[in-house]
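Throughout, a chain's letter reflects where its sequence line sits, starting with A, and its residues are numbered from 1. Worth knowing before you read on, the calculation uses all heavy atoms, side chains too, and leaves out hydrogens, waters and symmetry mates.
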Protein chains: 2
Amino acid sequence: MASSAWVEELSGERAALTRASTAGRVAEILRSRITEGRLPPGTRLSEEDIGVALGVSRNTLREAFRLLAHERLLVHEFNRGVFVRRLTVDDVHDLYRFRRLVEGGVLRTTSADAPLDDVRRAVEEGESAAAGGRWVDVGTANMRFHQAVAALAGSPRVEESMRHVLAELRLVFHVMAAPRTFHEPYLAENRRILDLLESGDVAGAAETLERYLTAAEAQLTEAYAATGC
Amino acid sequence: MASSAWVEELSGERAALTRASTAGRVAEILRSRITEGRLPPGTRLSEEDIGVALGVSRNTLREAFRLLAHERLLVHEFNRGVFVRRLTVDDVHDLYRFRRLVEGGVLRTTSADAPLDDVRRAVEEGESAAAGGRWVDVGTANMRFHQAVAALAGSPRVEESMRHVLAELRLVFHVMAAPRTFHEPYLAENRRILDLLESGDVAGAAETLERYLTAAEAQLTEAYAATGC
DNA sequence: ATTGACAGATTGTTGAACAATCCCGCACTC
DNA sequence: GAGTGCGGGATTGTTCAACAATCTGTCAAT
(Lines give C-alpha, C1' and ligand atoms only; values in the text may rest on other atoms or scores of the structure.)
Protein backbone atom coordinates (compact mmCIF):
# COMPACT_ATOMS: atom_id res chain seq x y z
CA MET A 1 0.00 0.00 0.00
CA ALA A 2 3.04 2.23 0.16
CA SER A 3 2.92 2.97 -3.57
CA SER A 4 -0.73 3.99 -3.91
CA ALA A 5 0.22 7.59 -4.69
CA TRP A 6 2.20 6.43 -7.71
CA VAL A 7 -0.38 4.29 -9.33
CA GLU A 8 -3.00 6.97 -9.00
CA GLU A 9 -0.98 9.32 -11.20
CA LEU A 10 -0.13 6.65 -13.72
CA SER A 11 -3.72 6.11 -14.66
CA GLY A 12 -3.63 9.40 -16.51
CA GLU A 13 -0.89 8.18 -18.83
CA ARG A 14 -2.84 5.15 -19.85
CA ALA A 15 -4.35 6.81 -22.88
CA ALA A 16 -0.93 7.60 -24.31
CA LEU A 17 0.19 4.05 -23.75
CA THR A 18 -2.49 2.14 -25.56
CA ARG A 19 -1.40 2.80 -29.07
CA ALA A 20 -4.39 3.67 -31.11
CA SER A 21 -5.86 1.10 -33.43
CA THR A 22 -4.98 1.29 -37.07
CA ALA A 23 -8.37 2.71 -37.83
CA GLY A 24 -7.85 5.41 -35.22
CA ARG A 25 -4.58 6.48 -36.74
CA VAL A 26 -6.05 6.52 -40.23
CA ALA A 27 -8.90 8.63 -38.92
CA GLU A 28 -6.42 11.06 -37.41
CA ILE A 29 -4.62 11.48 -40.70
CA LEU A 30 -7.84 12.15 -42.56
CA ARG A 31 -9.15 14.41 -39.82
CA SER A 32 -6.19 16.74 -40.01
CA ARG A 33 -6.43 16.82 -43.80
CA ILE A 34 -10.06 17.81 -43.55
CA THR A 35 -9.79 20.39 -40.79
CA GLU A 36 -6.83 21.97 -42.53
CA GLY A 37 -8.93 22.39 -45.62
CA ARG A 38 -6.79 20.22 -47.86
CA LEU A 39 -9.78 18.00 -48.54
CA PRO A 40 -12.41 20.51 -49.54
CA PRO A 41 -16.06 19.91 -48.63
CA GLY A 42 -17.86 17.73 -51.11
CA THR A 43 -14.82 15.64 -51.97
CA ARG A 44 -15.63 12.01 -52.33
CA LEU A 45 -13.33 9.59 -50.50
CA SER A 46 -12.92 6.39 -52.46
CA GLU A 47 -12.42 3.29 -50.35
CA GLU A 48 -10.27 1.72 -53.02
CA ASP A 49 -7.95 4.64 -53.67
CA ILE A 50 -7.37 5.72 -50.08
CA GLY A 51 -7.03 2.11 -48.99
CA VAL A 52 -4.10 1.43 -51.28
CA ALA A 53 -2.62 4.89 -50.69
CA LEU A 54 -2.47 4.32 -46.95
CA GLY A 55 -1.77 0.62 -47.15
CA VAL A 56 -4.73 -0.48 -45.08
CA SER A 57 -7.52 -2.82 -45.97
CA ARG A 58 -10.95 -1.65 -46.99
CA ASN A 59 -12.48 -2.92 -43.78
CA THR A 60 -10.11 -0.93 -41.60
CA LEU A 61 -10.62 2.13 -43.72
CA ARG A 62 -14.36 1.84 -43.37
CA GLU A 63 -13.88 1.80 -39.62
CA ALA A 64 -11.99 5.08 -39.87
CA PHE A 65 -14.76 6.51 -42.03
CA ARG A 66 -17.31 5.64 -39.37
CA LEU A 67 -15.33 7.50 -36.75
CA LEU A 68 -15.19 10.65 -38.83
CA ALA A 69 -18.79 10.34 -39.93
CA HIS A 70 -19.82 10.32 -36.31
CA GLU A 71 -17.85 13.50 -35.77
CA ARG A 72 -19.83 14.91 -38.66
CA LEU A 73 -16.72 15.62 -40.68
CA LEU A 74 -17.82 13.08 -43.27
CA VAL A 75 -21.24 12.10 -44.48
CA HIS A 76 -21.91 8.53 -45.42
CA GLU A 77 -24.44 7.96 -48.18
CA PHE A 78 -25.58 4.41 -48.55
CA ASN A 79 -24.19 2.64 -51.59
CA ARG A 80 -22.63 5.87 -52.75
CA GLY A 81 -19.67 6.43 -50.50
CA VAL A 82 -18.40 8.99 -48.02
CA PHE A 83 -17.93 12.66 -48.72
CA VAL A 84 -16.30 15.50 -46.88
CA ARG A 85 -19.15 17.28 -45.26
CA ARG A 86 -20.50 20.35 -46.95
CA LEU A 87 -22.14 22.63 -44.43
CA THR A 88 -25.17 24.66 -45.32
CA VAL A 89 -26.10 28.07 -44.01
CA ASP A 90 -28.61 26.31 -41.76
CA ASP A 91 -25.77 24.29 -40.28
CA VAL A 92 -23.89 27.46 -39.46
CA HIS A 93 -26.94 28.88 -37.73
CA ASP A 94 -27.40 25.67 -35.79
CA LEU A 95 -23.77 25.48 -34.74
CA TYR A 96 -23.88 28.99 -33.34
CA ARG A 97 -27.21 28.40 -31.66
CA PHE A 98 -25.62 25.41 -29.96
CA ARG A 99 -22.58 27.42 -28.97
CA ARG A 100 -24.60 30.27 -27.51
CA LEU A 101 -26.65 27.80 -25.51
CA VAL A 102 -23.73 25.80 -24.17
CA GLU A 103 -20.98 28.38 -23.81
CA GLY A 104 -23.35 31.02 -22.49
CA GLY A 105 -24.93 28.58 -20.08
CA VAL A 106 -21.57 27.39 -18.82
CA LEU A 107 -20.37 30.93 -18.15
CA ARG A 108 -23.56 31.87 -16.36
CA THR A 109 -23.24 28.93 -13.97
CA THR A 110 -19.53 29.30 -13.37
CA SER A 111 -18.69 29.60 -9.71
CA ALA A 112 -16.44 32.36 -8.40
CA ASP A 113 -13.63 29.97 -7.50
CA ALA A 114 -13.50 28.16 -10.84
CA PRO A 115 -9.98 27.63 -12.17
CA LEU A 116 -9.50 30.07 -15.04
CA ASP A 117 -5.93 29.06 -15.86
CA ASP A 118 -6.70 27.41 -19.19
CA VAL A 119 -8.87 30.31 -20.27
CA ARG A 120 -6.17 32.82 -19.38
CA ARG A 121 -3.53 30.81 -21.17
CA ALA A 122 -5.61 30.72 -24.35
CA VAL A 123 -6.15 34.47 -24.24
CA GLU A 124 -2.44 35.13 -23.80
CA GLU A 125 -1.50 32.72 -26.53
CA GLY A 126 -3.82 34.50 -28.90
CA GLU A 127 -2.41 37.91 -28.03
CA SER A 128 1.20 36.88 -28.44
CA ALA A 129 0.41 35.14 -31.72
CA ALA A 130 -1.25 38.31 -32.99
CA ALA A 131 1.73 40.40 -31.88
CA GLY A 132 3.95 38.10 -33.93
CA GLY A 133 1.68 38.19 -36.93
CA ARG A 134 1.02 34.46 -36.79
CA TRP A 135 -2.62 34.63 -37.81
CA VAL A 136 -3.12 30.91 -38.11
CA ASP A 137 -2.04 30.51 -34.51
CA VAL A 138 -4.47 33.24 -33.54
CA GLY A 139 -7.21 31.07 -34.95
CA THR A 140 -6.20 27.97 -33.03
CA ALA A 141 -5.76 29.97 -29.83
CA ASN A 142 -9.26 31.24 -30.31
CA MET A 143 -10.50 27.68 -30.63
CA ARG A 144 -8.66 26.80 -27.46
CA PHE A 145 -10.28 29.72 -25.68
CA HIS A 146 -13.74 28.45 -26.39
CA GLN A 147 -12.75 24.90 -25.55
CA ALA A 148 -11.48 26.17 -22.21
CA VAL A 149 -14.70 28.07 -21.58
CA ALA A 150 -16.71 24.92 -22.17
CA ALA A 151 -14.38 23.01 -19.86
CA LEU A 152 -15.40 25.33 -17.01
CA ALA A 153 -18.50 23.20 -16.70
CA GLY A 154 -16.29 20.41 -15.44
CA SER A 155 -18.30 18.01 -17.55
CA PRO A 156 -16.68 15.51 -19.93
CA ARG A 157 -19.82 15.39 -22.03
CA VAL A 158 -20.04 19.15 -22.42
CA GLU A 159 -16.39 19.19 -23.39
CA GLU A 160 -16.87 16.52 -25.98
CA SER A 161 -19.84 18.10 -27.68
CA MET A 162 -17.89 21.34 -27.78
CA ARG A 163 -14.95 19.60 -29.39
CA HIS A 164 -17.23 18.19 -32.06
CA VAL A 165 -18.90 21.50 -32.75
CA LEU A 166 -15.61 23.33 -33.05
CA ALA A 167 -14.27 20.66 -35.40
CA GLU A 168 -17.32 21.12 -37.58
CA LEU A 169 -16.85 24.85 -37.58
CA ARG A 170 -13.40 24.48 -39.02
CA LEU A 171 -15.07 23.22 -42.15
CA VAL A 172 -16.73 26.60 -42.37
CA PHE A 173 -13.84 28.84 -41.46
CA HIS A 174 -12.08 28.01 -44.70
CA VAL A 175 -14.56 30.06 -46.66
CA MET A 176 -13.16 33.13 -44.94
CA ALA A 177 -10.53 34.41 -47.31
CA ALA A 178 -8.73 36.60 -44.77
CA PRO A 179 -8.10 34.84 -41.45
CA ARG A 180 -6.65 37.99 -39.95
CA THR A 181 -9.62 40.25 -40.31
CA PHE A 182 -11.87 37.47 -39.14
CA HIS A 183 -10.07 36.37 -36.01
CA GLU A 184 -8.33 39.53 -34.85
CA PRO A 185 -11.30 41.51 -33.54
CA TYR A 186 -12.20 38.73 -31.13
CA LEU A 187 -8.93 38.85 -29.22
CA ALA A 188 -10.02 41.91 -27.29
CA GLU A 189 -13.40 40.32 -26.63
CA ASN A 190 -11.80 37.19 -25.24
CA ARG A 191 -9.68 39.29 -22.93
CA ARG A 192 -12.71 41.20 -21.79
CA ILE A 193 -14.63 38.02 -21.05
CA LEU A 194 -11.71 36.78 -18.98
CA ASP A 195 -11.64 40.05 -17.04
CA LEU A 196 -15.35 39.87 -16.36
CA LEU A 197 -15.00 36.30 -15.15
CA GLU A 198 -12.17 37.21 -12.82
CA SER A 199 -14.21 40.03 -11.40
CA GLY A 200 -17.04 37.58 -10.79
CA ASP A 201 -19.48 39.08 -13.28
CA VAL A 202 -20.55 35.83 -14.90
CA ALA A 203 -23.73 37.28 -16.38
CA GLY A 204 -21.76 40.04 -18.07
CA ALA A 205 -19.24 37.54 -19.41
CA ALA A 206 -22.03 35.38 -20.81
CA GLU A 207 -23.72 38.31 -22.48
CA THR A 208 -20.51 39.51 -24.06
CA LEU A 209 -19.82 36.05 -25.39
CA GLU A 210 -23.30 35.55 -26.77
CA ARG A 211 -23.24 38.92 -28.48
CA TYR A 212 -19.92 38.26 -30.12
CA LEU A 213 -20.95 34.80 -31.22
CA THR A 214 -23.93 36.32 -32.94
CA ALA A 215 -21.67 38.82 -34.68
CA ALA A 216 -19.33 36.07 -35.85
CA GLU A 217 -22.27 34.08 -37.12
CA ALA A 218 -23.51 37.00 -39.17
CA GLN A 219 -20.06 37.56 -40.60
CA LEU A 220 -19.76 33.92 -41.58
CA THR A 221 -23.18 33.58 -43.15
CA GLU A 222 -22.51 36.72 -45.16
CA ALA A 223 -19.24 35.30 -46.47
CA TYR A 224 -21.08 32.08 -47.11
CA ALA A 225 -23.76 33.72 -49.18
CA ALA A 226 -21.07 35.45 -51.21
CA THR A 227 -19.46 32.17 -52.25
CA GLY A 228 -22.73 30.92 -53.68
CA CYS A 229 -23.51 27.99 -51.38
CA MET B 1 -42.64 22.68 -63.43
CA ALA B 2 -46.27 21.81 -62.89
CA SER B 3 -45.48 19.11 -60.31
CA SER B 4 -43.11 21.09 -58.10
CA ALA B 5 -45.56 21.08 -55.18
CA TRP B 6 -45.50 17.29 -55.12
CA VAL B 7 -41.82 16.74 -55.08
CA GLU B 8 -41.33 19.22 -52.28
CA GLU B 9 -43.42 17.12 -49.93
CA LEU B 10 -41.84 13.87 -50.99
CA SER B 11 -38.43 14.90 -49.72
CA GLY B 12 -39.68 14.30 -46.21
CA GLU B 13 -40.34 10.63 -46.93
CA ARG B 14 -36.81 10.05 -48.08
CA ALA B 15 -35.61 8.81 -44.70
CA ALA B 16 -38.19 6.03 -44.63
CA LEU B 17 -37.21 4.95 -48.08
CA THR B 18 -33.51 4.38 -47.63
CA ARG B 19 -33.50 1.01 -45.93
CA ALA B 20 -30.83 0.88 -43.32
CA SER B 21 -27.65 -1.08 -43.75
CA THR B 22 -27.31 -4.48 -42.15
CA ALA B 23 -25.02 -3.04 -39.53
CA GLY B 24 -27.59 -0.38 -38.79
CA ARG B 25 -30.33 -2.91 -38.27
CA VAL B 26 -28.14 -5.05 -36.06
CA ALA B 27 -27.30 -1.98 -34.02
CA GLU B 28 -30.99 -1.23 -33.63
CA ILE B 29 -31.69 -4.71 -32.30
CA LEU B 30 -28.89 -4.50 -29.78
CA ARG B 31 -29.81 -0.95 -28.84
CA SER B 32 -33.32 -1.87 -27.85
CA ARG B 33 -32.05 -4.87 -25.89
CA ILE B 34 -29.72 -2.62 -23.98
CA THR B 35 -32.07 0.24 -23.28
CA GLU B 36 -34.75 -2.20 -22.19
CA GLY B 37 -32.36 -3.63 -19.66
CA ARG B 38 -32.30 -7.14 -21.08
CA LEU B 39 -28.56 -6.85 -21.53
CA PRO B 40 -27.41 -5.68 -18.12
CA PRO B 41 -24.45 -3.31 -17.79
CA GLY B 42 -21.14 -5.10 -17.75
CA THR B 43 -22.26 -7.88 -20.07
CA ARG B 44 -19.63 -8.84 -22.58
CA LEU B 45 -20.80 -9.13 -26.17
CA SER B 46 -18.95 -11.89 -27.96
CA GLU B 47 -18.36 -11.29 -31.65
CA GLU B 48 -18.50 -14.98 -32.40
CA ASP B 49 -21.69 -15.80 -30.50
CA ILE B 50 -23.74 -12.80 -31.54
CA GLY B 51 -22.50 -13.10 -35.09
CA VAL B 52 -23.87 -16.60 -35.54
CA ALA B 53 -26.99 -15.83 -33.50
CA LEU B 54 -27.93 -12.96 -35.79
CA GLY B 55 -26.56 -14.52 -38.93
CA VAL B 56 -24.20 -11.72 -39.83
CA SER B 57 -20.49 -11.77 -40.38
CA ARG B 58 -18.01 -10.59 -37.79
CA ASN B 59 -17.07 -7.58 -39.85
CA THR B 60 -20.63 -6.38 -40.08
CA LEU B 61 -21.19 -7.01 -36.41
CA ARG B 62 -18.13 -5.00 -35.49
CA GLU B 63 -19.51 -2.13 -37.50
CA ALA B 64 -22.70 -2.31 -35.44
CA PHE B 65 -20.63 -2.37 -32.25
CA ARG B 66 -18.86 0.77 -33.34
CA LEU B 67 -22.13 2.59 -33.85
CA LEU B 68 -23.30 1.75 -30.36
CA ALA B 69 -19.92 2.54 -28.84
CA HIS B 70 -20.22 6.04 -30.29
CA GLU B 71 -23.57 6.38 -28.58
CA ARG B 72 -21.84 5.37 -25.39
CA LEU B 73 -24.10 2.37 -24.90
CA LEU B 74 -21.13 0.04 -25.33
CA VAL B 75 -17.53 0.43 -24.32
CA HIS B 76 -14.85 -1.01 -26.50
CA GLU B 77 -11.72 -2.26 -24.76
CA PHE B 78 -8.87 -2.94 -27.08
CA ASN B 79 -8.15 -6.64 -27.55
CA ARG B 80 -10.72 -7.48 -24.91
CA GLY B 81 -14.05 -6.94 -26.56
CA VAL B 82 -17.13 -4.78 -26.13
CA PHE B 83 -19.21 -4.54 -22.98
CA VAL B 84 -22.52 -2.99 -22.14
CA ARG B 85 -21.63 0.27 -20.52
CA ARG B 86 -21.59 0.40 -16.76
CA LEU B 87 -22.17 3.94 -15.59
CA THR B 88 -20.47 5.30 -12.52
CA VAL B 89 -21.90 7.76 -10.06
CA ASP B 90 -19.74 10.39 -11.74
CA ASP B 91 -21.46 9.62 -15.02
CA VAL B 92 -24.84 10.19 -13.42
CA HIS B 93 -23.69 13.53 -12.08
CA ASP B 94 -22.34 14.49 -15.47
CA LEU B 95 -25.48 13.47 -17.30
CA TYR B 96 -27.63 15.59 -15.05
CA ARG B 97 -25.25 18.51 -15.21
CA PHE B 98 -25.56 18.30 -18.98
CA ARG B 99 -29.32 18.10 -18.81
CA ARG B 100 -29.66 21.08 -16.49
CA LEU B 101 -27.42 23.09 -18.77
CA VAL B 102 -29.18 22.18 -22.00
CA GLU B 103 -32.80 21.76 -20.98
CA GLY B 104 -32.69 24.74 -18.65
CA GLY B 105 -30.99 26.88 -21.24
CA VAL B 106 -33.48 25.89 -23.91
CA LEU B 107 -36.46 26.76 -21.74
CA ARG B 108 -35.00 30.11 -20.76
CA THR B 109 -34.54 31.13 -24.38
CA THR B 110 -37.87 29.82 -25.61
CA SER B 111 -39.90 32.49 -27.34
CA ALA B 112 -43.51 33.09 -26.45
CA ASP B 113 -44.82 31.81 -29.76
CA ALA B 114 -42.92 28.54 -29.72
CA PRO B 115 -44.98 25.50 -30.70
CA LEU B 116 -45.67 23.55 -27.51
CA ASP B 117 -47.71 20.80 -29.14
CA ASP B 118 -45.18 18.02 -28.66
CA VAL B 119 -44.58 19.00 -25.05
CA ARG B 120 -48.29 19.02 -24.31
CA ARG B 121 -48.78 15.68 -25.99
CA ALA B 122 -46.04 14.10 -23.88
CA VAL B 123 -47.56 15.47 -20.68
CA GLU B 124 -50.98 14.12 -21.57
CA GLU B 125 -49.62 10.73 -22.56
CA GLY B 126 -47.89 10.47 -19.22
CA GLU B 127 -51.02 11.38 -17.30
CA SER B 128 -53.23 8.93 -19.13
CA ALA B 129 -50.64 6.18 -18.77
CA ALA B 130 -50.50 6.80 -15.04
CA ALA B 131 -54.30 6.77 -14.83
CA GLY B 132 -54.22 3.35 -16.48
CA GLY B 133 -51.46 2.07 -14.24
CA ARG B 134 -49.06 1.52 -17.15
CA TRP B 135 -45.94 2.61 -15.34
CA VAL B 136 -43.55 1.62 -18.08
CA ASP B 137 -45.41 3.91 -20.45
CA VAL B 138 -45.19 6.66 -17.88
CA GLY B 139 -41.44 6.34 -18.08
CA THR B 140 -41.32 6.55 -21.86
CA ALA B 141 -43.73 9.49 -21.86
CA ASN B 142 -41.43 11.22 -19.44
CA MET B 143 -38.52 10.64 -21.80
CA ARG B 144 -40.58 12.07 -24.61
CA PHE B 145 -41.37 15.14 -22.53
CA HIS B 146 -37.72 15.97 -22.08
CA GLN B 147 -37.00 15.25 -25.71
CA ALA B 148 -39.76 17.66 -26.66
CA VAL B 149 -38.37 20.30 -24.34
CA ALA B 150 -34.97 20.01 -25.98
CA ALA B 151 -36.62 20.22 -29.38
CA LEU B 152 -37.92 23.68 -28.49
CA ALA B 153 -34.47 24.97 -29.33
CA GLY B 154 -35.22 24.16 -32.96
CA SER B 155 -31.71 22.82 -33.27
CA PRO B 156 -30.93 19.40 -34.74
CA ARG B 157 -27.68 19.22 -32.81
CA VAL B 158 -29.29 19.98 -29.49
CA GLU B 159 -31.90 17.35 -30.20
CA GLU B 160 -29.29 14.77 -31.04
CA SER B 161 -27.17 15.29 -27.98
CA MET B 162 -30.34 15.09 -25.90
CA ARG B 163 -31.26 11.82 -27.55
CA HIS B 164 -27.87 10.39 -26.69
CA VAL B 165 -27.97 11.58 -23.11
CA LEU B 166 -31.42 10.14 -22.55
CA ALA B 167 -30.36 6.81 -24.05
CA GLU B 168 -27.45 6.70 -21.66
CA LEU B 169 -29.70 7.48 -18.76
CA ARG B 170 -31.82 4.47 -19.50
CA LEU B 171 -28.83 2.37 -18.50
CA VAL B 172 -29.15 3.94 -15.08
CA PHE B 173 -32.89 3.84 -14.65
CA HIS B 174 -32.84 0.07 -14.41
CA VAL B 175 -31.26 0.24 -10.98
CA MET B 176 -34.49 1.76 -9.76
CA ALA B 177 -36.45 -1.17 -8.48
CA ALA B 178 -39.83 0.56 -8.47
CA PRO B 179 -40.54 2.47 -11.66
CA ARG B 180 -43.79 3.80 -10.22
CA THR B 181 -42.44 5.62 -7.23
CA PHE B 182 -39.60 6.99 -9.31
CA HIS B 183 -41.50 8.34 -12.27
CA GLU B 184 -44.88 9.23 -10.82
CA PRO B 185 -43.96 12.34 -8.83
CA TYR B 186 -42.61 14.03 -11.94
CA LEU B 187 -45.89 13.94 -13.80
CA ALA B 188 -47.23 16.90 -11.87
CA GLU B 189 -43.97 18.75 -12.36
CA ASN B 190 -44.10 18.24 -16.10
CA ARG B 191 -47.62 19.60 -16.17
CA ARG B 192 -46.55 22.59 -14.14
CA ILE B 193 -43.66 23.32 -16.47
CA LEU B 194 -46.04 23.20 -19.42
CA ASP B 195 -48.41 25.62 -17.67
CA LEU B 196 -45.58 28.02 -16.90
CA LEU B 197 -44.45 27.88 -20.51
CA GLU B 198 -47.93 28.59 -21.80
CA SER B 199 -48.21 31.55 -19.49
CA GLY B 200 -44.92 32.86 -20.85
CA ASP B 201 -42.93 32.45 -17.64
CA VAL B 202 -39.89 30.80 -19.20
CA ALA B 203 -37.61 31.59 -16.26
CA GLY B 204 -40.03 29.93 -13.85
CA ALA B 205 -40.30 26.89 -16.12
CA ALA B 206 -36.53 26.61 -16.32
CA GLU B 207 -36.11 26.86 -12.56
CA THR B 208 -38.76 24.25 -11.89
CA LEU B 209 -37.12 21.90 -14.33
CA GLU B 210 -33.63 22.42 -12.95
CA ARG B 211 -34.81 21.88 -9.40
CA TYR B 212 -36.59 18.68 -10.27
CA LEU B 213 -33.66 17.36 -12.25
CA THR B 214 -31.48 17.90 -9.21
CA ALA B 215 -33.96 15.98 -7.09
CA ALA B 216 -34.05 13.10 -9.54
CA GLU B 217 -30.28 13.04 -9.63
CA ALA B 218 -30.09 12.76 -5.86
CA GLN B 219 -32.65 10.00 -5.86
CA LEU B 220 -30.71 8.07 -8.49
CA THR B 221 -27.31 8.43 -6.89
CA GLU B 222 -28.78 7.28 -3.60
CA ALA B 223 -30.24 4.16 -5.19
CA TYR B 224 -26.92 3.70 -6.93
CA ALA B 225 -24.94 3.81 -3.73
CA ALA B 226 -27.32 1.25 -2.23
CA THR B 227 -26.60 -1.29 -4.98
CA GLY B 228 -22.89 -1.15 -4.26
CA CYS B 229 -21.52 0.40 -7.43
C1' DA C 1 -36.69 15.86 -74.43
C1' DT C 2 -37.90 11.76 -72.01
C1' DT C 3 -37.58 6.99 -71.28
C1' DG C 4 -35.44 2.43 -70.98
C1' DA C 5 -31.68 -0.67 -71.03
C1' DC C 6 -27.09 -1.93 -70.78
C1' DA C 7 -22.15 -1.85 -69.04
C1' DG C 8 -18.70 -0.34 -65.83
C1' DA C 9 -17.50 1.08 -61.40
C1' DT C 10 -18.18 1.32 -56.44
C1' DT C 11 -19.98 -0.05 -52.26
C1' DG C 12 -22.16 -3.78 -48.97
C1' DT C 13 -21.38 -8.05 -46.96
C1' DT C 14 -19.42 -12.37 -46.27
C1' DG C 15 -16.13 -16.07 -45.02
C1' DA C 16 -11.67 -17.49 -44.12
C1' DA C 17 -7.16 -16.85 -42.60
C1' DC C 18 -3.24 -15.38 -39.68
C1' DA C 19 -1.05 -12.43 -36.16
C1' DA C 20 -1.42 -10.21 -31.76
C1' DT C 21 -3.19 -10.15 -27.38
C1' DC C 22 -5.53 -11.53 -23.33
C1' DC C 23 -7.22 -14.85 -19.78
C1' DC C 24 -6.66 -18.72 -16.85
C1' DG C 25 -4.62 -22.50 -14.68
C1' DC C 26 -0.28 -24.64 -13.19
C1' DA C 27 4.10 -25.34 -11.57
C1' DC C 28 7.82 -23.04 -9.22
C1' DT C 29 10.22 -20.26 -5.81
C1' DC C 30 10.74 -17.89 -1.51
C1' DG D 1 0.71 -19.41 1.52
C1' DA D 2 1.80 -15.37 -1.47
C1' DG D 3 3.90 -13.96 -5.36
C1' DT D 4 6.15 -14.94 -9.94
C1' DG D 5 6.91 -16.89 -14.42
C1' DC D 6 5.11 -19.84 -18.13
C1' DG D 7 2.41 -22.15 -21.46
C1' DG D 8 -2.24 -23.33 -23.90
C1' DG D 9 -6.59 -21.99 -25.40
C1' DA D 10 -9.70 -18.54 -26.63
C1' DT D 11 -10.79 -13.98 -28.48
C1' DT D 12 -9.88 -9.97 -30.89
C1' DG D 13 -7.32 -7.07 -34.72
C1' DT D 14 -6.46 -6.93 -39.40
C1' DT D 15 -6.16 -8.35 -43.97
C1' DC D 16 -7.63 -10.49 -48.24
C1' DA D 17 -10.51 -12.20 -51.96
C1' DA D 18 -14.88 -12.87 -53.69
C1' DC D 19 -19.69 -12.07 -54.87
C1' DA D 20 -24.16 -9.52 -54.55
C1' DA D 21 -26.45 -5.12 -54.64
C1' DT D 22 -26.55 -0.59 -56.12
C1' DC D 23 -25.32 3.63 -58.43
C1' DT D 24 -23.64 6.42 -62.60
C1' DG D 25 -23.28 7.45 -67.16
C1' DT D 26 -23.98 6.40 -72.04
C1' DC D 27 -26.58 5.41 -75.95
C1' DA D 28 -30.35 4.10 -78.63
C1' DA D 29 -35.45 4.31 -79.23
C1' DT D 30 -39.62 6.80 -79.08
Side-chain angles (χ1 to χ4, degrees), chain A residues 1-4 6-7 10-11 13-30 39 42-70 73-86, chain B residues 1-4 6-7 10-11 13-30 39 42-70 73-86:
Chain A
M1 298 280 176
S3 59
S4 68
W6 279 68
V7 289
L10 276 178
S11 65
E13 311 271 348
R14 197 169 37 194
L17 191 69
T18 79
R19 68 215 164 304
S21 68
T22 321
R25 276 172 297 171
V26 170
E28 197 163 336
I29 294 174
L30 294 177
L39 285 174
T43 309
R44 175 159 162 279
L45 273 54
S46 159
E47 295 186 356
E48 179 81 17
D49 298 351
I50 300 185
V52 299
L54 265 54
V56 299
S57 81
R58 264 180 70 209
N59 284 326
T60 306
L61 188 60
R62 286 165 68 87
E63 193 161 327
F65 283 169
R66 292 261 172 206
L67 280 165
L68 296 171
H70 192 264
L73 295 182
L74 299 180
V75 291
H76 186 151
E77 300 186 17
F78 196 82
N79 273 325
R80 291 203 52 223
V82 296
F83 303 80
V84 178
R85 176 137 198 189
R86 178 178 280 152
Chain B
M1 296 281 179
S3 58
S4 67
W6 279 67
V7 289
L10 277 179
S11 65
E13 311 271 351
R14 194 169 38 191
L17 191 70
T18 77
R19 72 217 157 300
S21 67
T22 313
R25 274 173 296 168
V26 170
E28 199 163 334
I29 293 174
L30 294 177
L39 285 174
T43 308
R44 174 157 163 282
L45 274 56
S46 159
E47 295 186 353
E48 180 78 20
D49 298 350
I50 300 185
V52 299
L54 265 57
V56 299
S57 80
R58 263 181 71 209
N59 283 324
T60 306
L61 186 60
R62 287 166 67 85
E63 210 155 304
F65 283 168
R66 256 168 262 141
L67 283 167
L68 297 171
H70 286 325
L73 295 181
L74 299 179
V75 291
H76 187 154
E77 300 187 15
F78 198 82
N79 274 323
R80 292 203 50 221
V82 296
F83 303 80
V84 178
R85 176 139 201 184
R86 178 179 280 153

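Look at B:Glu47 and B:Arg62 and you find a salt bridge, because one of the NZ, NE, NH1 or NH2 atoms lies within 4.0 Å of a carboxylate O, short of that distance.
A:Leu67 meets the side-chain contact (heavy atoms from CB on, under 4.5 Å) test with A:Ala27, B:His70; sequence neighbours excluded.
Atom C1' of nucleotide D:dA17 and atom CG of B:Asn59 are separated by 12 Å, given to the nearest angstrom. The distance from atom CG of B:Leu61 to atom C1' of C:dG15 is 14 Å, rounded to the nearest whole Å. B:Glu63 places its CD atom 14 Å from the C1' atom of D:dT14, with the value rounded to the nearest Å.
Rounding to the nearest 0.5 angstrom, the gap separating the CD1 atom in B:Ile50 from the CZ atom in B:Arg44 is 9.5 Å. Once rounded to the nearest 0.5 Å, the distance linking CZ of B:Arg58 with CD of B:Glu48 reads 7.5 Å. Here the CG atom belonging to B:Leu74 is positioned 7.0 Å from the CG atom belonging to B:Leu30, to the nearest 0.5 angstrom. Interatomic distance, CG of B:Asn59 versus CG of A:Asn59, reported as 4.0 Å (0.5 Å rounding). Here the OG1 atom belonging to B:Thr43 is positioned 8.0 Å from the CZ atom belonging to B:Arg86, to the nearest 0.5 angstrom.
Within 4.0 Å (heavy atoms only), B:Gly51 reaches no atom of the nucleic acid at all.
Overall, the helix from C:dA1-D:dT30 to C:dC30-D:dG1 carries an axis bend of 20° between its ends, with five pairs at each end and the value rounded to 10°.
The side chain to side chain contact (heavy atoms under 4.5 Å, CB included) with A:Leu61 is formed by just one residue from the set A:Val26, A:Val52, A:Leu45; it is A:Val26.
Of the side-chain N and O atoms in A:Thr60, none sit less than 4.0 angstrom from OP1 or OP2 of D:dT14.
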Grab the N/O contacts between the protein and nucleotides 7-12 of chain D below 3.5 Å, and write none if there aren't any.
residue : atom : partner : partner atom : Å
D:dT11  : O3'  : B:Arg44 : NH2          : 2.4
D:dT12  : OP1  : B:Arg44 : NH2          : 2.8

